[in-house]
Structure formats: C-alpha cells, structure tokens
Novice: 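Sharing a structure with you now.
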Amino acid sequence: MSSAATRVTGQDHLWSVTEHLEDILATVRPLEPIELQLLDAQGCVLVEDVRVPVSLPPFDNSSMDGYAVRVADVAGASEEYPAVLTVVGDVAAGQGEQPHVGPGEAVRIMTGAPLPPGAEAVVPVEWTDGGLGEGPVSGMRAHSAAPGGASGQVHVHRPAEARAHVRAKGSDVKAGDRALEAGTILGPPQIGLLAAIGRGTVRVRPRPRVVVLSTGSELVQPDEPLGSGQIYDSNSFALCAAARDAGAIAYRVGAVADDAETLRATIEDQLIRADLLVTTGGVSVGAYDVVKEALSSVGDEDEEGSGIDFRKLAMQPGKPQGFGTIGPEHTPLLALPGNPVSSYVSFELFVRPAIRTLSGLDDIHRPTIRATLETGKALTSPDGRRQFLRGRYADGKVTPVGGAGSHLVAALAQADALIVVPEDVTSVEPGTEVEVVLLG
C-alpha cells in the first residue's frame, strides 16, 4: 500500500443507494477466465458455449435388464401361450462384440448394453420365466452363479412393440448440440453432463476470493469468555457465509483491534489472496473508527481516484460506507458499518452484486417483487433516505420483523426479505404495496 490522496468525490456529497452501487459496479470487473478441472470448476461460470462432441447415448442401448428380441417372434405372446425363444448369448454394459439375433432367438441383455444386431426391442426380464421354465421371474441370477442363463430357452409372456425399452442413439443429446451456454453456473448436473460428453476441463471465470475482516477491540471470538464491555464477533461469520452463498470463496480474518497500523498491516497481508476485501466496523464519525483512520489516506499516487472514499448514503440502516481500490492490483475494498443489521443489509445491496460481477454473471441482483404490507402500524422512513426493513414474506404478503433498534441479530435471523421504503416516501400504511427484496 502506498500513501496518497483519497479518491476525489466530494466529502459533503450525500450519496444515493443507486449512485454508490453504480460507482462500485463501474470499478469491479469480471475475473479473467482460466481452464479448470471439472470438480475444481464447481460453482464457477462458463465463459464459452460447450458443444457435444459425441452423441449421448453413443449407441442404441437397453433401458432394462431383459432380453433383446425380434418383434415378430413375440407377437401375441401371453402367460398361457408364451413365445419360446432360443437364448444365444449375453450382452453386458461395456461389451464390444454382440451376438446376432436371428428368427426365433433372443439375447439376454443388461441395462445400458448395446442393442445387438438383428434385435428390434427389449422385453424386461419380469415379462419372462428367466430361462427357468416356470412362471414370471422378478430378476436374473448373477452370471457368476448361473452362467447357463446365457443359453437354453426363455419363455416370453408379453409382446413388445418395435424399439420398446430401447434408448436411441443421440436421444439425450446429439453431436454438435449445445450442451451448456456461456454464463451457466456449474452445479452438480452440469458437471455430470460435461463428464458425460468427455470434457475433463472447462474454461470458466474462477470463484472470487473474498476476505472479510471485522474490526473492534470489543470483539471476542465465539467459545471464548467475554470480558467487561466485550461482545462476540458475529459480523465476520455472517458476511463470510453470505459471501459463500453469493458464490465466492470466503476467508474470514479474526477481529482486528482498533489500531490503524495493525489494520493496515493485516490488510496488506491479506491482499495476496483477495479479489475483494470487505471490512465491517469503524467507518462512522467516532474517535475510534479505525477503518476510516487507517484507509482514508491510502491509495496509488500514480492513479487518480484510487484509494478508499468514505461517504454517507441516503439510506437506513447503513448510512456510513466506504469504497475504493487498494494495493498494487487495485483490489476493490468495501467498508461496511459495524452494526450487524447495517452490515448485512449493506452486503446484500452492495457486496453481493460486486461478487456476482467478479464471477461474470449478468444477473447480479436479488429478485424483487411487489407485496402487500401486513403490519399493525405505518412504516416510517426518515425524510430523504431510503429505508430497508427486515421482513417475512409469504403468499404475496410481507410482515416486518423486529423494530428500529440497533443490533437485532435475532430479528435478522428470522427475516427472508427486505422491505424497501423509497427515499421520497416518509410513511407506508398497512395494506399498501411495497417493493420487497427476496433474500432466500
């Protein structure tokens, strides 16, 4: 880090939520694509369309354990008058050479095995006597225990139409088809499809690495005893979990004490593994707001506008915010308030879109809907500030959770939505429609 002038934005300017977010998104850029092994690419975003090199399945194959037959040989078959066929061999999955099925013949076939030449359909083993000369059976005996099952005769008790129980070549996807399109997030089904078409690696944007630091000498780690005036550090855990939920690889740094030099040194140490830094606490106007003290004069003296700008937003909760770039790679840093509710709301509004932008996603915002406000009293918003209230959403209705208190971590844990009260509205009555950001 080098000491330089702060970002020039106008310290007295009251930023709107939209202005602050636009400034962040104008700075954050998608990460450069890399080639990754399939399992390493889970959760990443494809940067190119993937075409199918070979049809799936690559050959006609059986969808049942049973017998491959000619349709004419089993026409009119019944339990009273079964068709009696000569078994001329087995076809197992992965078998290369298959016996030919001629008139009056059958081949015992396993699920996934290629349909042998001459065969037109598959009859499930449950429609036969399994070669035992008795009534219908429920399955085949293991080949190792009864190798004679690949010969002898089989009684078929039901007819089969042409192509019955046969998966046609290319019925899943055909060679040349688009398997996945650019912008797809690779989850388990997509990883499975890539493997099925023979792709061992894929070109993606890597998952962003997000480092979360909480600040405050009063913070103690969970499982440690609390001293006088101390509280447990919840913000770093909540924000790390939120970053992972947004698709990032998140690294949590234990709470940093209220010392500017210690904080600067900690951030320098973390830059090597960060595509995005998130701090919480120390951004307001107090004498011990260490993040503001430590980072206000940090920037790149050779690049105008670099460094961290601390600003006030026309929103509640979350009025004090900081944003800029830091270090030789101009790593984005978002400085969030220390209040648990404020930090979480700020994450949803600003950090989550930044993470998804780094990931290369087009859809970076939570879904929003209109819902009817269900509450016993009107919701008020400070004049000129957009307010975000925690709520529970169900069946087109949203109910506020908790009040206007400072911490309310328990209320936050109950919420699955944010109720948005616009800056130009000072009161919302019960029964009116409001905008709701869905968090689930």
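No experiment lies behind these values; they were computed from the predicted model shown.
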Novice: Can you find a pair of side-chain heavy atoms, one from Thr111 and one from Arg167, that are under 4.5 Å apart?
Specialist: yes
Novice: Nearest 0.5 angstrom please: Thr426 OG1 to Arg385 CZ, how far?
Specialist: 12.5 Å
Novice: Check the pair Val74, Trp127 against side chain to side chain contact (heavy atoms under 4.5 Å, CB included), reporting the backbone distance first and the verdict last.
Specialist: CA-CA 11 Å; Val74 295; Trp127 295 6; over 6 Å; no
Novice: If I compare all heavy atoms of Pro332 with all of Phe323, which pair ends up nearest, and what's the gap?
Specialist: CB-CE1, 4.3 Å
Novice: Would you check if Met140 and Met110 make a side-chain contact, meaning some heavy-atom pair closer than 4.5 Å?
Specialist: yes
Novice: Closer than 3.5 angstrom, by distance alone: can the side chain of Thr325 be matched with the main-chain N or O of Thr331 as a donor-acceptor pair?
Specialist: no
Novice: Give a yes or no answer on whether the side chain of Thr372 reaches the backbone of Gly431 with a donor-acceptor pair at less than 3.5 Å.
Specialist: no
Novice: If you measure from CZ on Arg209 to CZ on Arg207, what distance do you get to the nearest 0.5 Å?
Specialist: 12.5 Å
Novice: For the CG atom of Leu46 and the OG1 atom of Thr184, what is their distance to the nearest 0.5 Å?
Specialist: 5.5 Å
Novice: Between Arg178 (side chain) and Leu180 (backbone), is there a donor-acceptor pair under 3.5 Å?
Specialist: no
Novice: Is any side-chain heavy atom of Val204 less than 4.5 Å from a side-chain heavy atom of Val45?
Specialist: no
Novice: Take atom CG of Leu39 as the centre, draw a 6.0 Å sphere, and report whether it contains more than 12 heavy atoms from other residues, nucleotides or ligands.
Specialist: no
Novice: Salt-bridged, Asp60 to Lys169, with N to O below 4.0 Å?
Specialist: no
Novice: Are Val434 and Leu379 close enough that some pair of their side-chain heavy atoms sits under 4.5 Å apart?
Specialist: no
Novice: Check the angle between the aromatic planes of Tyr344 and Phe347 and answer parallel, tilted or perpendicular using the 30° and 60° thresholds.
Specialist: parallel
Novice: Check step by step if side chain to side chain contact (heavy atoms under 4.5 Å, CB included) holds for Gln95 and Ile109.
Specialist: CA-CA 11 Å; Gln95 185 173 321; Ile109 192 168; over 6 Å; no
Novice: May I have the step-by-step check of side chain to side chain contact (heavy atoms under 4.5 Å, CB included) for Val437 and Glu348, ending in yes or no?
Specialist: CA-CA 9 Å; Val437 179; Glu348 288 294 333; 5.7 Å; no
Novice: For the pair Arg205 and Asp275, find out whether any cationic side-chain nitrogen is under 4.0 Å from an anionic carboxylate oxygen.
Specialist: no
Novice: Say whether, by atom type as modelled, one donor and one acceptor occur between the side chain of Arg264 and the main chain of Ala294 under 3.5 angstrom.
Specialist: yes
Novice: Are any of the side-chain heavy atoms of Gln42 and Leu186 separated by less than 4.5 Å?
Specialist: no
Novice: Counting only heavy atoms from other residues, nucleotides and ligands, does the tally under 6.0 Å from CD of Glu224 exceed 12?
Specialist: yes
Novice: Checking the side chain of Tyr393 only, and the main-chain atoms of Leu418 only, is there a donor and an acceptor separated by less than 3.5 Å?
Specialist: no
Novice: Kindly compute the distance separating CD (Gln321) from CG (Leu336), expressed to the nearest 0.5 Å.
Specialist: 5.5 Å
Novice: For the backbone of Val71 and the side chain of Glu120, can you confirm whether one donor and one acceptor N or O come within less than 3.5 Å of each other?
Specialist: yes
Novice: Examine distances only and state if a side-chain atom of Arg386 and a backbone atom of Val420 form a donor-acceptor pair shorter than 3.5 Å.
Specialist: no
Novice: Are Asp172 and Pro57 side-chain neighbours, meaning at least one heavy-atom pair lies under 4.5 Å?
Specialist: yes
Novice: Any non-hydrogen side-chain atom of Arg273 less than 4.5 Å from a side-chain atom of Val211?
Specialist: yes
Novice: Could you state the interatomic distance from CG (Asp416) to CG (Leu439), rounded to the nearest 0.5 Å?
Specialist: 7.0 Å
Novice: Is a side-chain donor or acceptor of Thr27 paired with a backbone partner of Asp23 at a separation under 3.5 angstrom?
Specialist: yes
Novice: How long is the gap from CZ on Phe388 to CD on Glu435, to the nearest 0.5 Å?
Specialist: 8.0 Å
Novice: Tell me if a side-chain donor or acceptor on Gln98 pairs with a main-chain N or O of Gly96 at a distance below 3.5 Å.
Specialist: yes
Novice: List the steps, then state whether side chain to side chain contact (heavy atoms under 4.5 Å, CB included) holds for Met315 with Val345.
Specialist: CA-CA 10 Å; Met315 65 177 277; Val345 169; 4.3 Å; yes
Novice: Taking atom types as modelled, find out whether Ser214 and Asn235 have a side-chain donor-acceptor pair closer than 3.5 angstrom.
Specialist: no
Novice: Indicate yes or no for a side-chain donor-acceptor contact from Arg199 to the backbone of Ala196 under 3.5 Å, with no hydrogens or angles considered.
Specialist: no
